[in-house]
Amino acid sequence: MAYWLMKSEPSVYSIDDLERDGSTDWTGVRNYQVRNMFRDEFRIDDSAFFYHSSCAQPGIVGLMTVSGLARPDAGQFDPQSDNFDVRAQHDKPVWLSVEVRFRQKFAAALTLDELRRHAELEDLALLRRGNRLSVMPVTPAEWRFMLGLARRKK
DNA sequence: GCCAACGTTGGC
DNA sequence: GCCAACGTTGGC
């Protein structure tokens, strides 16, 4: 079972939106590395941190479970969609999404600022200089440690 | 296949 | 709004 961190701008889609919806298709990914992770590595019941980016207080705000394997992101076929891609054919999609299910919203966010303070997380992909991927792996050790930090804040 | 220009991300 | 960093594009 793998662990992930997935970023979303709360002004677009937040943890509260996911709690309301129960589950959602994680769409709009337009990066080949992330697409390949969706296709090759994401499995049902994998766990993921929900990360709020591009906002006043960036950080991890809750937990999700992968509930659906990679499938074509519908937006790529729709000329009206921001996610439209002229190269995409229905039998030859370019972009994929996965389905995630709401698990938990943390009582207090685990902020980016706080994550940076721990030597245990110095190799965390999120904290690596210049990393702009919107989805990235988390090691089991990192996951355990971060979960501990989040629980301690309650 | 190189690499400069361009676009995007995302923290600040 | 700025800008560092990096992925992508496209001319050659």
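Order of the sequence lines sets the chain letters (A, B, ...), proteins ahead of strands, with each chain counted from 1.
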* Can you run down the salt bridge (Lys or Arg N to Asp or Glu O under 4.0 Å) pairs that involve residues 64-77 of chain A, sequence neighbours left out, and say none if there aren't any? =>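 Matches after skipping sequence neighbours: A:Asp25-A:Arg71, A:Arg30-A:Asp73.
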* Pairs touching residues 79-93 of chain A that satisfy salt bridge (Lys or Arg N to Asp or Glu O under 4.0 Å), sequence neighbours left out ->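 The answer is A:Asp85-A:Arg87.
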Value in whole Å for how far the [atom2] atom of [N] lies from [atom1] of [X]:
X	N	atom1	atom2	answer
A:Leu115	B:dG10	CG	P	15 Å
A:Glu114	B:dG11	CD	C1'	17 Å
A:Gln33	C:dG7	CD	P	6 Å

* Can you run down the side-chain hydrogen bond (donor to acceptor under 3.5 Å, both in side chains) pairs that involve residues 110-120 of chain A, sequence neighbours left out, and say none if there aren't any? =>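 Listed by first then second residue: A:Asp113-A:Arg117, A:Glu114-A:Lys153.
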* Asked: Restricting to pairs with a member in residues 42-68 of chain A, which pass side-chain hydrogen bond (donor to acceptor under 3.5 Å, both in side chains), not counting sequence neighbours?
  ->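 Matches after skipping sequence neighbours: A:Trp4-A:Asp46, A:Ser47-A:Arg103, A:Thr65-A:Arg103, A:Ser67-A:Glu99.
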* Asked: Is there a side-chain polar atom (N or O) of A:Tyr32 under 4.0 Å from OP1 or OP2 of C:dC6?
  ->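 Answer is no, no contact under 4.0 Å.
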* N or O in side chain of A:Lys7 less than 4.0 angstrom from B:dG10 OP1/OP2 ->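 So the side chain of A:Lys7 is within the cut-off, an N or O lying under 4.0 Å from OP1 or OP2 of B:dG10.
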* Candidate nucleotides B:dG11, C:dT9, C:dG7, ranked by approach to the side chain of A:Asn31 - the nearest ->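 Ranking B:dG11, C:dT9, C:dG7 by closest atom to the A:Asn31 side chain puts C:dG7 first.
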* Scan residues 52-63 of chain A against DNA chain C and write down, sorted by residue number, each residue with any heavy atom closer than 4.0 Å; if none is found, say none. =>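 The answer is none.
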* Determine the contact category for A:Glu9: base if any of its heavy atoms lies under 4.0 Å from a base atom, sugar-phosphate if only primed atoms, P, OP1 or OP2 are that close, otherwise nothing. =>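 Nothing, no nucleic acid heavy atom in range.
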* Asked: Looking at DNA chain B, which of residues 116-133 of chain A put a heavy atom within less than 4.0 Å of it?
  ->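 When residues 116-133 of chain A is checked for heavy atoms under 4.0 Å from DNA chain B, the hits, listed by number, are A:Arg116, A:Arg132, A:Leu133.
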* To do: Determine, using the 4.5 Å side-chain heavy-atom cutoff (strictly less than), whether A:Leu96 and A:Leu133 are members of one ILVMFWY cluster.
  =>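 No.
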* To do: Could you verify whether a donor N or O on one side chain and an acceptor N or O on the other, from A:Asp17 and A:Ser14, lie under 3.5 Å apart?
  =>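 A donor-acceptor contact under 3.5 Å links the two side chains.
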* Reported CZ-to-CD distance for the pair A:Arg128 and A:Glu122, which is rounded to 0.5 angstrom ->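 One gets 11.5 Å once the value is rounded to the nearest 0.5 Å.
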* Between A:Trp26 and A:Tyr13, how do the two ring planes meet: parallel, tilted or perpendicular, split at 30° and 60°? ->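 Ring orientation of A:Trp26 relative to A:Tyr13: perpendicular.
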